[in-house]
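Presented below is the structure to which this report refers.
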Amino acid sequence: GETAMRKWLWAVLLVTLALAVAGCGDDDDDGGDAQQAPAADPSEASGNVAWCIGKDTSGAYGTAIDLFKKENPNVNVRLVELPESADEQRRQLVQRLDAESEECDVLGMDVIWTAEFAAQGWLQDTTEIIEPRQDDFIASTLETAQYEDKYWAVPYHTNAGFLYYRTDQVDQAPDAWEDVYEQAGQNNGIVYQGASYEGLTVNFLELLYSGGGSVLSEDGQEVQVNSPEGEAALEFMAQGVEGGAAPRAVTTYMEEESRRAFENGNATFMRNWPYAFALGKESKIADQFDITTFPSFEGGEPASVLGGINLAISAYSRNPEGAAAFIDFATSEVVQKANFLESASPPCFAATYDDPEVQEEYAFASDLKAAVEQGQARPVSPVYSQISEAIFTNVHDALQGRAEPAAALESMSSDIERALETF
Ligand code: GLC
């Protein structure tokens, strides 16, 4: 009778409403108007937040969650660990986002992905979360979260490579890369990230930039890597493997393999990020190593490549309020300091490096801050991952002796040109 009719009308009304809401969401996506993330307001936040990010090798992510939970019992943040390799992490996130998956609320984004993910419409605009605290961040780290005048993520931890050396095998770290390799050859070698993945691109760029070379022109239109500087950098790396300064096995190493080789006493030098310092100080060579900023090539200037992770809100998150509250907290000074002290995960705030407790713990804190401030970006492009693949596969060929450095460079250059054309 009448109640059945009323129930039916209610059902129709609810379905219509649901469709209208879903339709609005679609319009937002198609119209290219990015969703604005809600301002961070812990009192408005509740529910579940899934944080998808690379493996928690140093324990920093777990610490950030524990600290957050103490102050925000209404929000349940869960860590979804992705693989160790940056490329694998990207592949898994791209797969989810392409399918409009709602699984991840907060995305742990390598600094090199901002342009691509923002251009794809996969991120919410976080400009309002950053603005009130903009001056706290080191400028270079903020730039990595920006694309076309908006912020798409908030800097969480930054990164700059360091040279690790065994204090019981060499008196001091040499000032020139040439000498590092020479001493490595006379001692127990140098290990770095030579596997065919993003880490190898970073290792190559550090040497390329240090020799004054570049990948693209300032305007990003022209490929400039096939240059005398490019050839010198690649020649240097290939000769390092061929001459035995670096073991052949480096062509299979990512960060963790390098760290294990160094901690097991199988290398005199290592190129790695600061996280390996904290873990190394708990290893059996704790008292036999130190770290220093990169040397230069003889007569040149040292250079470093800026790494790091930013936190973004997925466009498909169903809990942007919870995500915003967590991101605001994880990128706060309290967490930056705790993550640095415990895990040597480099903070994005200048002030944290100057903190007396931090200075006391890390003799290298000021050097690291300078390296981050001056850290050079990798090419910024929505097709960065293709550009990088062109770099690391060709560098890898040269390291393995499958191609002469000059030929590898030529092929790198044309592969990058092809990548640029796809955009
Ligand atoms: C570190 C850096 C990241 C880089 C990666 C390469 O995770 O923070 O920026 O892409 O190493 O392996």
Side-chain angles (χ1 to χ4, degrees), residues 52-61 64 81-94 107-117 138 140-146 153-162 164 191-209 215 250-260 270-279 294 303-312 330-331 336 339-340 343-348 368 371-372 375-381 384-393 395-396:
C52 300
I53 189 165
K55 194 158 182 290
D56 192 10
T57 315
S58 70
Y61 309 153
E81 279 178 293
L82 304 172
E84 259 169 48
S85 134
D87 310 48
E88 275 304 314
Q89 290 164 28
R90 174 182 163 277
R91 220 164 285 143
Q92 293 207 5
L93 287 178
V94 167
L107 308 175
M109 302 250 309
D110 197 317
V111 292
I112 49 191
W113 304 335
T114 311
E116 177 189 16
F117 283 36
I138 296 174
S140 60
T141 70
L142 265 185
E143 258 169 52
T144 67
Q146 204 171 22
V154 185
Y156 171 52
H157 82 74
T158 180
N159 242 340
F162 268 82
Y164 290 67
V191 292
Y192 57 89
Q193 293 76 53
S196 191
Y197 81 117
E198 183 58 33
L200 181 54
T201 294
V202 173
N203 281 249
F204 171 70
L205 292 184
E206 283 165 350
L207 296 175
L208 177 75
Y209 290 170
V215 178
V250 288
T251 60
T252 64
Y253 285 2
M254 298 195 294
E255 284 81 358
E256 282 291 88
E257 288 81 9
S258 325
R259 180 174 72 82
R260 278 182 222 118
M270 168 172 75
R271 181 268 169 226
N272 216 329
W273 308 103
Y275 87 97
F277 182 85
L279 293 170
F294 286 150
S304 62
V305 167
L306 194 66
I309 302 289
N310 300 328
L311 301 183
T331 58
Q336 302 257 316
N339 277 178
F340 197 26
S343 316
S345 164
C348 298
L368 174 57
V372 166
Q376 295 187 46
R378 282 163 270 178
V380 173
S381 164
Y384 173 76
S385 73
Q386 283 157 264
I387 297 174
S388 179
E389 194 176 330
I391 296 173
F392 67 67
T393 51
V395 173
H396 198 248

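Whatever order the structure lists ligands and atoms in, that order sets their numbers, starting from 1.
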Response to the item:
atom 3 (C) of ligand 1 sits nearest the protein heavy atom Asp110 OD2, 3.2 Å

Check: [X] N/O within less than 3.5 Å of ligand 1 N/O:
{"X": "Glu198", "value": "no"}
{"X": "Gly308", "value": "yes"}
{"X": "Asn159", "value": "yes"}

Discussion item. For Gln146 and Thr114, which I'm curious about, is there any donor-acceptor pair between the side chains at under 3.5 Å?
Written reply: no

Discussion item. Tell me whether the rings of Tyr61 and His157 are parallel (<30°), tilted (30 to 60°) or perpendicular (>60°).
Written reply: parallel

Worksheet entry | Glu255 contact mode with ligand 1 (heavy-atom cut-off under 4.0 Å) | side chain

Worksheet item: With a 4.0 Å heavy-atom cut-off (strictly under), which part of Arg378 contacts ligand 1: side chain, backbone, both or neither?
Response: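 Only the side chain of Arg378 comes within reach of ligand 1.
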
Practice prompt. Just jot down the ligand 1 atoms closer than 4.0 angstrom to any heavy atom of Gly199, in number order.
Written response: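 Near Gly199, the atoms of ligand 1 are 6 (C), 12 (O).
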
Worksheet item: Are Glu198 and Arg90 close enough for a salt bridge, meaning some N to O gap below 4.0 Å?
Response: no

Worksheet item: For Val111, which residues count as a side-chain contact (heavy atoms from CB on, under 4.5 Å) partner, sequence neighbours excluded?
Response: Thr144, Asn310, Arg378

Practice prompt. Please name all residues satisfying side-chain contact (heavy atoms from CB on, under 4.5 Å) with Ala312, sequence neighbours left out, ordered by chain then number.
Written response: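 By the side-chain contact (heavy atoms from CB on, under 4.5 Å) rule, Ala312 matches Leu107, Met109, Leu123, Ala153.
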
Worksheet item: Mind checking whether Tyr253 and Val250 have side chains closer than 4.5 Å, heavy atoms only?
Response: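 Sidechains of Val250 and Tyr253: in contact.
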
Worksheet item: So, Glu81 side chain and Asp56 main chain: donor-acceptor pair closer than 3.5 Å or not?
Response: yes

Discussion item. I'd like to know if Ile309 contacts ligand 1, where contact means a heavy-atom distance under 4.0 Å to any ligand atom.
Written reply: no

Item to complete: Would you mind finding which of Tyr197, Trp273, Trp113 brings a heavy atom closest to atom 1 (C) of ligand 1?
Response: Trp273

